[in-house]
Structure formats: C-alpha cells, structure tokens
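Here is the naming used below: chain letters follow the sequence lines, and residue numbers restart at 1 for every chain.
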Amino acid sequence: MGAASLGSRNSNRKQSTLLVPELATPMSCLQSLSGQLLSLQNPNPNCLPPSLLPLRRHSSNDPTTQSSPPQEDDLPVLIADAVLRHSGDDDPRTLARSLSRLSPNAWPPALVDRVMKRLWNDGPRALLFFHSLLRLPSFRPAASSFDLAIDLAGRLRDPRALRRLLFLRQHHGLPPTPRTFAIIAERHLAAGKPDRAVRSFLSMPRLGCPHDLSTFNSLLDALCKSRRVEKAFSLLRALKNRFLPDAITYNIIADGWCRLKRTPKALEVLREMVDSGIEPTLNTYNILLKGFFRAGQIREALEFFSQMKKRGRKKNPISGGNCRPDVVSYTTMVHGLGLAGQLDKSRKVFDEMVDQGCLPSVPTYNALIQVICKKGSVKDAILVFDEMVRKGYTPNAVTYNLVIRGLCHAGEMDQAMEFLERMKREECEPNVQTYNILIRYWCEEGEIEKGLQLFGTMLGRGGCLPNLDTYNVLISAMFTRKRPEDMVVAGKMVREMVERGHLPRRFMFNRVLNGLLLTGNQGFARELLRMQDRHKRLARVVRP
DNA sequence: ATAGGGTTAG
C-alpha cells in the first residue's frame, strides 16, 4: 500500500488536538499539548508430592533418572539437582566436598550463574551453593555471580549475609559494579526505603565505583518503577549540573508519570526535554503511546499514533526520522486497543503493520493472542497461535502461558494440559508461571489432587522450583476441603516455603496454625512455631 | 544489566 492512500485517509480526519511535537516548532505543539491532557488419590501424609517428602526427590532406582547420560547442556540442571538433594546440614564444607567430587575442576562463571538462577526460588540453597564454591581453592568467582548472591541475600532480607558478600567480593579483588548498586537500590526501594537507595547511590565513588550519567539514570529508573516519580524528579533537579540529563533521563521520568496514569505530567516532561534542546526519540513516543492506553485515553492514543505515522512519512529526516511507528509502537497499539475491547481495530492495526513494512514479532503475536483470549474466544486465539507457527515464528513461554491461561479460563483444562505437553515437546521449557496457572485452575475446579500432582512434577527433570505464588495457591486450596490430612499437607508446605526463603503472609501462617490445632496436630503446630522463632528476623517483617 | 512492546484474577 502506498503512502498516498494512507495520506488521504488521514487528511479526512477531524482536526487533531494532539500532536506529536515537531522539532521545527516544538514550543507551539507542546503548548497545545500540555493543557490536556502427586497424586493424593488418598490424601495420606505418607503419600505427599515428592518435594514434601523428607528430601530425596529421585530415588536412585527411578528409571527416568538413569536414562540420558549427562550432557553439556544439562550440567547446570544436574548440579542444581545435586544441591537440592544435598540433605541435612547447611555446612558449606560438606557441600563443597560433594561439589568437588561431582564436578569439573573448573567452574566457569556462566555455569555458576546458571545454577544460581535455577536455584533462584530456593535462596538459602543458592547461597549455600555459592559459599561452598568459595571454599574450593581453585574457584575464581566472577562479579556477576556475586551480584546474583547479593541480590538473593537482599531478597532474603539478610543484611548480614549481604555485608559479608560485599566483603568477600572485595577480598577477591572484585569491587562493586554499577549493577551491584542497582540491585541494592532496588532492594531498598522494595523495602520502602527510598532514601537509603539514594544514599547508597551517593556512596558509590567512595566504594570504588565512579558515578556517571548511566548510573544516575538507573537510580532514577528504579525510583520511577517503584512509583517515586516525584522523588526522582526532584533528584534530577538537584543534580542536573552534575549529571547532564540525556534523552534517556527524560524518557525514564516520562515513563514514571505514565505508569501513574498521569499523562499530562509526562507531556510536561516532554516539553521540558525539548526546551533543553534534547530531541525526543522513538522511545519517547512509544512511552507516551503506552501511557495513553494505561490512562484509558484511547482516543488520544489513536490520535497520537496517527500523528506518529503522519510525521514519520515526511521526507525531512529530522522531524520524521524518529517518530515513524516501529514494531514496538504497533505492538502497543494491538495490545492497547484489544484491552480496550476494540478487537476489530486491534486486528486491523496488526494487519496494517505488514502493509507498512513492519513485521510483527513474537511479542506482537503475544499481544494479539492475549487480547483475543481476554475479549474474544480462546478458539480464535489458538487460530492466531497456529498462524504464527505457520509463518515460522517460534512461540515462547509467554505465548504458551497466554494460551494455557485462556484455555483454563474457558474451563478447557484437558486442552490446557495438552498445550503443556506440546510446550515440552517443542522444547519450550515451562516456567513457574506455567505451573502456577495450571495449579490455580485445577484447584479452582475442585481438582486439588491434579494441582498437587502438577506441583509434584514441576520439580522433576527440566522442571522448576515453586515460588511464593505456587505455595499460596496450594495452601489456600488445602482449606477448601475439611480434612485433617489437608492441614498436614498445608503445614508441610509452609515449612518447605520458609526453608526455601519465601515468607508466608501472617494471615496464611496463622490460618495453617489454627487448622493444625483444630485437627489435633498439636505437635506439628509447635514445630511451625519453633520454626517461626528461628526465623524471627524474617517473621518480624512478614509482608503486609 | 541505561529507556520502549507479552504473563494474576478479580
């Protein structure tokens, strides 16, 4: 399709009130802008899903573990399994001995990082693994592995472990990097301590990590992503002279306002950006476009998008070069229009992008599939799934999860399970979300056994560790039947989640405790209380 | 891993 026909279509539109700022006359445009805008067949505690049995998930005569010989690629899987199976004591020396037996002399950083990521949802084990490696004389740790460990210590809210890791990394001649400070800032922000995040940033040069604009930008980004846009902005004001802001700086702040659905503020930032002589980028426009949808300003989004197209067609490379919609803009449109209930328009934009010479990506298909699942029928979403496969795209885990969720929501549990199998067959590893979706819906259907069964299989080879959501879903489900055995299962889940570094909400903990007391499981209840005592530091900060 | 595009369920 030629630009001419589009042009005429566009010129028929009513006069726009919203314009993409043009560099030629930034002021005038912006002035008009800123105004607006296991199968427990028999629920017997002895018949728990494997992970709840006292350790040892694969018995050695399990045929599935004996088959395939270890390959380069599943080395991280095998090692992570070994760490999880390593029972009993938390002495790094014991595990260090096993590791030095089990494995190569060399522990390349990539391998270590992959194992740690696999163990991510068992923070204590992941840290034990890393500390054990540090005991091997030949081990040369990498900064990236220290960063992962520091991140985990922060997530486990263990400042002592964190300080120790910082000390150890210095000892290995690895000063903290900008990434390290980003991790720490993010932890402070998640804990509701923005001032500490800022102070940690200010301390960087003193700790051997020089400041620059990019480190400043990442602090602003972390502040904005945790909704402290005002704070980010005043920090920018205060330090403007030390860190001369660039387009990214302004994009970060604009995005912060957009996340709070305050598009007028985002437009003000845009104006200030242009006033200080910084040219908005395509990212800037995509941020705004998404912002309009987030704020429910569908008409504004449509108008903004059409201005992007209109200006993008101009020959003038300065005013048009950076606002022609790209695949991200189109994906934003497909997603936004669909969520707003305008499926026809969404599909139209999807088809139009190809005419415009912009090929959809996997995320574009994901956006379309998601909105069809939500506002249309899963059947149609699967047609799009088939279409993308036919065109040679490889669906990723997000794609599968969307279809599986759609099927679950439509009550098509069996078909959802078939998609899980298909996912494995196509060697797209199911992730924890995949399992969470299926477990949740099985439980909602009243098929708690099926949920527990999935919980049991998710830990198998090529599986993944449960996270907080997994435990929350299953523990809640244990209260739908009024069986004493279920309380024991719930209690074991609470014990296991705490051992893996996940904090149950106070409400959940007390509910399980009461359940155990009411069903005559005083002993187990006492054990949980003792555990809570041991984890006092954790228990005190039970999430709100 | 310096910014933009896909995942709760209600």
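- Residue contacts for A:Ile248: at a heavy-atom cut-off of 4.0 Å it reaches a base atom on one of the strands shown.
- When the C1' atom of B:dT8 is taken as reference, atom CZ of A:Arg405 falls 7 Å away, rounded to whole Å.
- Here the side chain of A:Ile287 is nearest to one of B:dA9, B:dG4, B:dG10, namely B:dG4.
- A:Asp469 comes within 4.0 angstrom of no nucleic acid atom, judged by non-hydrogen atoms across all strands.
- Side-chain proximity of A:Thr281 to the nucleotides B:dA1, B:dA3, B:dG10 is greatest for B:dA3.
- Residue A:Arg259 places at least one side-chain N or O closer than 4.0 Å to OP1 or OP2 of B:dG4.
- Using a 3.5 Å distance cut-off with no hydrogens or angles, the side chains of A:Thr263 and A:Gln297 do pair a donor with an acceptor.
- For the residue pair A:Ser226 and A:Arg228, a side-chain donor N or O sits within less than 3.5 Å of a side-chain acceptor on the partner.
- For A:Leu282 and B:dG5, the CG to C1' distance is 11 Å, given to the nearest whole Å.
- Remark: P of B:dA9 and CG of A:Asn472 are 14 Å apart, rounded to the nearest angstrom.
- The separation of B:dT8 from B:dG4, taken at their C1' atoms, amounts to 23 Å, rounded to a whole angstrom.
- Rounded to the nearest 0.5 Å, atoms OH (A:Tyr441) and CD (A:Glu444) are 6.0 Å apart.
- Side-chain atoms of A:Thr364 lie closest to B:dG5 of the nucleotides B:dG5, B:dT8, B:dT2.
- Side chain of A:Ser476 to backbone of A:Asn472: a donor-acceptor contact under 3.5 angstrom is found.
- Side-chain N/O atoms of A:Tyr441 include one lying less than 4.0 angstrom from OP1 or OP2 on B:dA9.
- Taking only side-chain nitrogens and oxygens, A:Lys290 comes nearer than 4.0 Å to OP1 or OP2 of B:dG6.
- Residue contacts for A:Asp221: at a heavy-atom cut-off of 4.0 Å it reaches the sugar-phosphate backbone alone, with no base atom in range.
- In this pair, A:Phe216 and A:Phe201 present their aromatic rings tilted. The plane angle is within the 30 to 60° band.
- Residue A:Arg179 places none of its side-chain N or O atoms closer than 4.0 Å to OP1 or OP2 of B:dT2.
- Annotation: B:dA9 and B:dG5 have their C1' atoms spaced 23 Å apart (nearest Å).
- For the residue pair A:Ser218 and A:Thr215, no side-chain donor N or O sits within less than 3.5 Å of a side-chain acceptor on the partner.
- Atom CG in A:Asn286 sits roughly 11 Å away from atom P in B:dG4 (whole-Å rounding).
- Atom CD1 in A:Ile183 sits about 12 Å away from atom P in B:dT2, given to the nearest Å.
- Residue-level contact check: A:Val327 touches the bases, meaning some heavy atom is under 4.0 Å from a base atom.
- Base orientation of B:dG5: anti (glycosidic angle beyond 90° from 0).
- Relative to the side chain of A:Asn251, the nucleotides B:dG10, B:dT8, B:dA3 differ in distance, and B:dA3 lies closest.
- A donor-acceptor contact under 3.5 Å is not formed by the side chain of A:Asn366 with the base of B:dG5.
- Here B:dG6 presents its P atom at 17 Å from OH of A:Tyr330, a figure rounded to the nearest Å.
- Base engagement by A:Asn396 is indicated by at least one non-hydrogen atom pair under 4.0 Å involving a base atom.
- If you take CD1 of A:Ile184 and P of B:dA1, they are 17 Å apart, rounded to a whole angstrom.
- Considering only side-chain N and O atoms, A:His335 lies nowhere under 4.0 angstrom from the phosphate OP1 or OP2 of B:dG5.
- One donor-acceptor pair, N or O on each side, does fall under 3.5 Å between the base of B:dG5 and the side chain of A:Ser361.
- A:Phe130 and A:Phe146 have perpendicular rings, their planes meeting at more than 60° on a 0 to 90° scale where under 30° would count as parallel.
- Under 4.0 angstrom from either OP1 or OP2 of B:dG4 there lies at least one side-chain N or O belonging to A:Lys225.
- To the nearest angstrom, C1' of B:dG4 lies 15 Å from CZ of A:Phe292.
- Taking every side-chain heavy atom of A:Ala367 into account, B:dG6 is the closest of B:dT2, B:dG4, B:dG6.
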